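Step one of this worksheet: look at the structure below.
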Amino acid sequence: MYWENDVETKDRGSLEAFQLLRFNETVKIAQKSPYYHTLFIDIGLDSDGIDSLESIKNIPFTTKDDLRENWPYGLLAVPKDEVIRMHASSGTTGRATVVFHTAHDIQAWTNVLARCVYMAGMRKGDVFQNMMSYGLFTGGLGFHYAAEKVGALVIPAGAGNSKRQIQLMRDFDTTVIHIIPSYALHLSRVFEELNVDPRNDTKLRIAFIGAEPHSEKMRKKIEEIYGIKAFNSYGLSEMNGPGVSFECPYQNGMHIWEDHYFVEIIDPHTLKPVSEGEEGELVLTTLMREGMPIIRYRTKDLTRIIPGQCACGRTHRRIDRIKGRTDDMMIVKGVNIFPIQIEKKLMEIPGVGTNFVIILEREGYDDMMIVKAEVQNELFAGDAKQRESLRKRIIDELRTDILITPKVELVGPGSLPSTEGKALRVIDNRKE
Ligand code: AMP
Ligand code: ZN
């Protein structure tokens, strides 16, 4: 049932002792990078390290800006010829953040991600179709190596080309897929067009979904459409990529692997730790990396630690599904709103389709939110009154949650742009 019994169920005391040991080892390695070398001198941290995990909070955070300013090699802690792989963040703005891995790092990452997919139920004998983009993005090669490690047959399908994806699934009896949630919904429409029923005409049983925020409703929708179990997978390229935290079969939060990452949740304004169970920004320290260790990285992702033990017996704590990023928060008429709140509401309303986009405009001095939502074909082609009542219902339901009244436009299935990568949910035209 466990990939690594002794690690996954280690008692908290031993796990924390191990973390301290690895943290101090990480300090020794990081010291060899130009960036941390200078930082440690500035703060007076020497190779003796620290004597309790508590003291980690005295070390400054590392931010994306630090990575950018020290691009490309400033955080590299080994000679360049030790590096065997490079990955980058999928960011579309600014210079992509690059991360370098040694052979040891790739092996460690592969193993921790194998732990995840095994936990969710993938085994030797499964056929795994990896529908993530290969290349610099970590979702391709990361999962590819992990799936091979557990012994599955890997189909490196890559992203996009929906009809071919479906063809591959049917030709080779794919049982497990790795897919971006918004793309899973888009693909369900292509299934419809082809008159293929994913529940009955495929052998699918598991999906790993991640790379972008999604709600419980969206997971349920994917599970229903495909007749599978969908497991939330969280990671970021700065911390390797996928494999940071992952759902177990109880699907109640994602176990975060504390032998690989030291976890903190901070208040993004005061930068102080929040109390256990409270929501805040996730801060992570790599404990197993040698090529490019990163200490106290501010992920900008908002989540919380779920208090209590998981029934699966793993002792590594769980984080809640990511609510959004501190930087994808919209402020509309002074109200803080996350795209995920809109998604959650839309997914609850019968008749609403699989894609939506939020457009922000300025009318005079006033902010205006326009939500364009795809509706199901019967509704779009059907009775205008019914459509209007759906539109009003969406406005009402959104208003109760986000406290402002959006304009809502209903559009036909497939009419909004969809991407093979992370969905673009917000178009903010207020900036000019
Ligand atoms: P990248 O480094 O390009 O892979 O992007 C990593 C970012 O994607 C994270 O910091 C999150 O904001 C987002 N992300 C990844 N996985 C998830 C997930 N399961 N749920 C929500 N957001 C996610
Ligand atoms: Zn569990």
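Only heavy atoms go into these numbers, but all of them, side chains included; no hydrogens, no water, no symmetry mates. Note that this is a predicted model, so its numbers are computed, not measured. We count ligands from 1, going down the list as the structure has it; atoms in each ligand are counted the same way.
A cation-pi geometry, defined here as NZ or CZ lying under 6.0 Å from the six-membered ring centre and within 45° of its normal, holds between Arg123 and Tyr118.
Within the 4.0 Å heavy-atom criterion, the part of Asn232 lying near ligand 1 is the side chain and not the backbone. When heavy-atom distances to ligand 1 are checked against a 4.0 Å cut-off, Ser233 comes that close only through its backbone atoms N, CA, C and O. Counting heavy atoms under 4.0 Å from ligand 1, residue Ala211 touches it through the backbone alone. Residue-level proximity to ligand 1 for Glu212 is carried by the backbone, the only part with a heavy atom below 4.0 angstrom.
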Trace of the side chain to side chain donor-acceptor pair (under 3.5 Å) decision for Asn58 with Ser55: CA-CA 6 Å; Asn58 301 326; Ser55 316; 4.7 Å; no

Test log, rule side chain to side chain donor-acceptor pair (under 3.5 Å), inputs Glu82 and Thr102: CA-CA 6 Å; Glu82 290 293 317; Thr102 64; over 6 Å; no

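In this structure, Gly241 has no heavy atom closer than 4.0 Å to ligand 1. Under a 4.0 Å heavy-atom criterion, Lys300 is not in contact with ligand 1.
Under the 30°/60° scheme for interplanar angles, the aromatic rings of His87 and Trp109 are found to stand perpendicular. In this pair, Phe208 and Phe246 present their aromatic rings perpendicular. The plane angle is above 60°, beyond the 30 to 60° band.
The one candidate from Val263, Leu15, Ile256, Thr9 that meets the side-chain contact (heavy atoms from CB on, under 4.5 Å) condition with His316 is Leu15.
Listed by atom number, the atoms of ligand 1 under 4.0 Å from Arg325 heavy atoms are 10 (O), 12 (O). Numbered from 1 in the order shown, with element, the atoms of ligand 1 that lie under 4.0 Å from a heavy atom of Gly210 read 19 (N). Interface of Lys422 with ligand 1, defined as ligand atoms under 4.0 Å from a residue heavy atom, comprises 1 (P), 3 (O), 4 (O), 5 (O), 6 (C), 7 (C), 8 (O). Set against the non-hydrogen atoms of Phe137, the atoms of ligand 1 under 4.0 Å away are 4 (O).
The angle subtended at the Zn ion (ligand 2) by SG of Cys312 and SG of Cys310 is 110°, given to the nearest 10°.
Residue Gly235 holds the heavy atom nearest to atom 15 (C) of ligand 1 of all those in Ser245, Gly235, Ala96.
Residues Lys57 and Glu264 are not paired through a salt bridge, judged by the lack of any N-O separation under 4.0 Å between the basic side chain and the carboxylate. Ion pairing of Asp367 with Arg430 is present here, as a side-chain N (NZ or NE/NH1/NH2) and a carboxylate O approach within less than 4.0 Å.
Looking at His214 next to ligand 1, no N or O pair under 3.5 Å apart turns up. Looking at ligand 1, you'll find an N or O of Asp301 within less than 3.5 Å of one of its N or O atoms.
Side-chain atoms of Arg205 do not come within 3.5 Å of backbone N or O of Met122 as any donor-acceptor pair.
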